[in-house]
Amino acid sequence: MNPSNPSAPPSPAAGPSNFVRDIILEDLQTNKYQGRVHTRFPPEPNGYLHIGHAKSICLNFGLAAEFGGKTNLRFDDTNPEKEETEYVDSIMENVKWLGFDWEDRLFYASDYFGQLYQWAVDLIRKGKAYVCDLTADQVRQYRGNLTEAGKPSPYRDRSTNENLDLFERMKNGEFPDGSRTLRAKIDMASPNLNMRDPVTYRILHADHHRTGSTWCIYPMYDFAHGESDSIEKITHSICTLEFEDHRPLYDWYVEQLGIYHPQQIEFDRLNLTYTLLSKRKLLQLVQNGHVRGWDDPRMPTLSGIRRRGYTPEAIRNFCKAIGVSKTNGSIELGLLEHHVREDLNRRSPRVMAVLRPLRLVIDNYPEGQVEEMEAVNNPEDPSAGTRRVPFSRVLSIEQDDFREDPPKQYYRLSPGREVRLRYGYFVTCTHAVKSPAGEVVEIHCTYDPATRGGNAPDGRKVKSTIHWVSAAHSIDAEVRLYDNLFTKEDPNQTEEGQDFIANLNPHSLEVVAGAKLEPSLAGAAAGSRYQFERLGYFAVDSDSSAARLVFNRTVGLKDAWAKIEKRGK
RNA sequence: UGGGACGUCGUCUAACGGUAAGACUGCGGCCUCUGGAGCCGCGUAUCGGGGUUCGAAUCCCUGCGUCCCAGCCA
């Protein structure tokens, strides 16, 4: 897209149209910011980033990139009680991993504490702010409520000099936490509660992750955010819908101060079915041990889904697909999974793995013989080449791939039936061996030597192809299967007196200890991704070691049989 | 009951006064050495009621519904 000619058709690199993009297009056309597009991604370092933040990151970085603009990474660190460097580090890592680059524009609201303080003093001088001695409880009472106007604080008309003196002494640490605040003098009768003399600075004798004990007063979000945007000459300050009510205050501060005025634009935050996207609640899951950490593969955090095996490309494609609007809705989890499969299908090497092994003996196959069968690494990508997989008389197949009494439409192995062993031979089941308890522990087959590699010279067809590993050559692994963390589409929908914890899915993690893998997987590196044929996409977990391979199921393959079976019930 | 915002297929998004389109899902079929992938086809929507207009998802009025706001959190 050529910024000097915004009406030209979007280039192929252009992002999808949305109302924020339209606003930028128009601003470019009217030369509102001299052709500049400068956005920012402003996380508070009080938790890990999640898929909802990815939407914001893609929007902010994507839009700026499209129009040749810039995006700053700015930590909104004005509340020392909740912020930690661990979160700062994870956030930077996540943004990079997602594929975005803030170059040399890494900022912190705390960088601006000095300027912010000066501006607060300006506000006092202009008679637009005052020091208030009301307690938090009293402030609440004076504020009024949704239908009743508030009443002025008794400290509202203090003299400028007294305000200046008191504010400076607040800064100097002379007063205890909560004893006083600096408030903007606006309108206690405003129907917008945010305009009823909002607190601008509060006293907090807390150690800040960057400024230590330098400050004992900290600016509130509304004051710090817009003024930080102004300092950085942000053009479009994109935030979520709940800040819509704050925009008048955002505007008020920059106007009173007479400084550069960025424009705040609000869009709908991401909601995903069966998922919670609230840092507060995710923190609760971590702290109370409902998951194994911020990067638990069941978590919707970027660290979690990355560990699970999701790719940055898939997430970016998803963010592109969901669009941006002001409608409050919920995206189906299935759409995210669709994009994950789509990306993984293209890039994942195929491999054979048996999750729940069943011993299969080919009675007419020579004892002790081993053949190396050639297998395609990725049918979507011929350049991925082939590999050799050992085949022998005793194999492991999936328990699900044998039924003594096959239901209708079940095409896999059963007594008397012939199937193809992928890249192997056609085999016909002769009989099953059962334990005293009656469970099938071993099945016996005969093979057709003429079908080596998986094709019958006589052209006969089989209804199904199943995967296998050679029992003597396979390697062991632990495989972690994940299901939705919550059982309800909306985890917040609960019975009286309960909270979202009640909707936790007790089966969100299933550990399969005795999986058998083809030997090519030996030494697979943490983070590497594979398709286990017919099962799904799996990624080597960070818990994995050479001695003990651990895989996460990223997402299953679409399963037509599962659907048929489910429908039958 | 004050204020702010939002209502288009099951879900999300487009259509900017001129044939309601796409994606996901679902359902059929084709193809297949993954019941994967791919391909083809089908289905369902403008919140209600008035108005303006040759023509309304779009503009106006009105009603209804949903979300957000009463932190010294962001």
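All of these numbers come straight from a predicted model, not from anything done at the bench. Each chain gets a letter, A, B and so on, in the order its sequence line appears, and its residues count up from 1.
Looking at the side chain of K326(A), the nearest of the listed nucleotides C6(B), G36(B), G35(B) is C6(B).
Residue S17(A) has no polar side-chain atom (N or O) positioned under 4.0 Å from OP1 or OP2 of A14(B). Contact check, K563(A) against C27(B): a side-chain N or O comes under 4.0 Å of OP1 or OP2.
Mapped onto RNA chain B by nearest heavy atom, W561(A) and I331(A) fall at different nucleotides, with I331(A) at the one closer to the 5' end. Nearest-nucleotide positions on RNA chain B place R247(A) closer to the 5' end than the other of S330(A) and R247(A).
Comparing G36(B) with G26(B), their P atoms sit 12 Å apart, to the nearest whole Å. Spacing of C1' atoms, U8(B) relative to A74(B), comes out at 33 Å, to the nearest Å. Comparing the same atom, P, in G51(B) and in U58(B) gives a spacing of 14 Å after rounding to whole Å. Rounded to whole Å, the C1' atom of G65(B) lies 7 Å from the corresponding atom of C47(B). Going from the P atom of A57(B) to that of G17(B) covers 13 Å, rounded to whole Å. Rounded to a whole angstrom, the distance from the C1' atom of G43(B) to that of C31(B) is 23 Å. Distance noted for atom P between C24(B) and G18(B): 28 Å (whole Å). G7(B) and C72(B) have their C1' atoms separated by 37 Å, given to the nearest Å.
With rounding to whole Å, W468(A) atom CH2 is found 15 Å from U34(B) atom P. Atom CZ of F318(A) is separated from atom P of U13(B) by 11 Å (rounded to the nearest Å). As a whole-Å value, the separation of R422(A) CZ from A37(B) P is 13 Å. Here U13(B) presents its C1' atom at 13 Å from CZ of F19(A), a figure rounded to the nearest Å. What separates CZ of R341(A) from C1' of G36(B) is a distance of 10 Å, to the nearest Å. Between the CZ atom of R196(A) and the P atom of G4(B) there is a distance of 13 Å, given to the nearest Å. Atom pair D343(A):CG and A37(B):C1' shows a separation of 14 Å (rounding to whole Å applied). Taking atom OH of residue Y274(A) and atom P of nucleotide U25(B), one finds them 15 Å apart after rounding to whole Å.
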Practice prompt. Begin with the C-alpha distance, continue with both residues' side-chain angles, and end with the deciding distance and a verdict on side chain to side chain donor-acceptor pair (under 3.5 Å) for N60(A) and S56(A).
Written response: CA-CA 6 Å; N60(A) 277 293; S56(A) 173; 3.3 Å; yes
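Under 3.5 Å, the side chain of E565(A) and the base of G35(B) form no donor-acceptor pair of N or O atoms. If you check distances only, the side chain of E332(A) does reach the base of G10(B) with a donor-acceptor pair under 3.5 Å.
No more than 12 heavy atoms of other residues, nucleotides or ligands shown are found within 6.0 angstrom of CZ on R269(A). Counting non-hydrogen atoms of neighbouring residues, nucleotides and ligands closer than 6.0 angstrom, the NZ atom of K326(A) exceeds 12 such neighbours.
For G71(B), the O4'-C1' to base torsion is within 90° of 0; the nucleotide is therefore syn.
Contact between P248(A) and D245(A) at its shortest, heavy atoms only, is CD-O, 3.4 Å. Considering every non-hydrogen atom in both E337(A) and Y310(A), the closest pair reads CG-OH, 4.3 Å.
Using a cut-off of 4.0 Å between Lys/Arg side-chain N and Asp/Glu carboxylate O, R412(A) and E398(A) are scored as not salt-bridged.
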Fill in: Sugar-phosphate or base contact per nucleotide [nucleotides 65-74 of chain B; S, B, -; heavy atom under 4.0 Å]
--SBBBSBSB
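No engagement by V462(A) is indicated, since no non-hydrogen atom pair under 4.0 Å with the nucleic acid exists. Using a 4.0 Å heavy-atom distance criterion, P248(A) is classed as making no nucleic acid contact. As judged by a 4.0 angstrom heavy-atom cut-off over every strand, Q409(A) is placed among the base-contacting residues. Looking at heavy-atom distances under 4.0 Å, Y423(A) makes contact with a base. At the heavy-atom level, F267(A) lies nowhere under 4.0 Å from the strands shown. Using a 4.0 Å heavy-atom distance criterion, E380(A) is classed as a base contact.
There is no side-chain donor-acceptor pair under 3.5 Å between T428(A) and Y447(A). Inspection of the N378(A) and E380(A) side chains reveals no N or O donor paired with an N or O acceptor under 3.5 Å. If you check the side chains of D229(A) and S237(A), you find a donor sitting under 3.5 Å from an acceptor.
Partner of H246(A) under the side-chain hydrogen bond (donor to acceptor under 3.5 Å, both in side chains) criterion, chosen from D222(A), N192(A), D251(A): D222(A).
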Practice prompt. Taking Watson-Crick and G-U wobble pairs with both distances under 3.5 Å, convert RNA chain B into its dot-bracket string, 5' to 3', dots for unpaired and | for cross-strand pairs.
Written response: .((((((..((((....[..)))).(((((.......)))))....(((((..]....))))))))))).....
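With hydrogens and angles disregarded, a donor-acceptor distance shorter than 3.5 Å links the side chain of T273(A) to the backbone of L333(A). Side-chain N or O atoms of K279(A) include one that pairs as donor or acceptor with a backbone N or O of E44(A) at under 3.5 Å.
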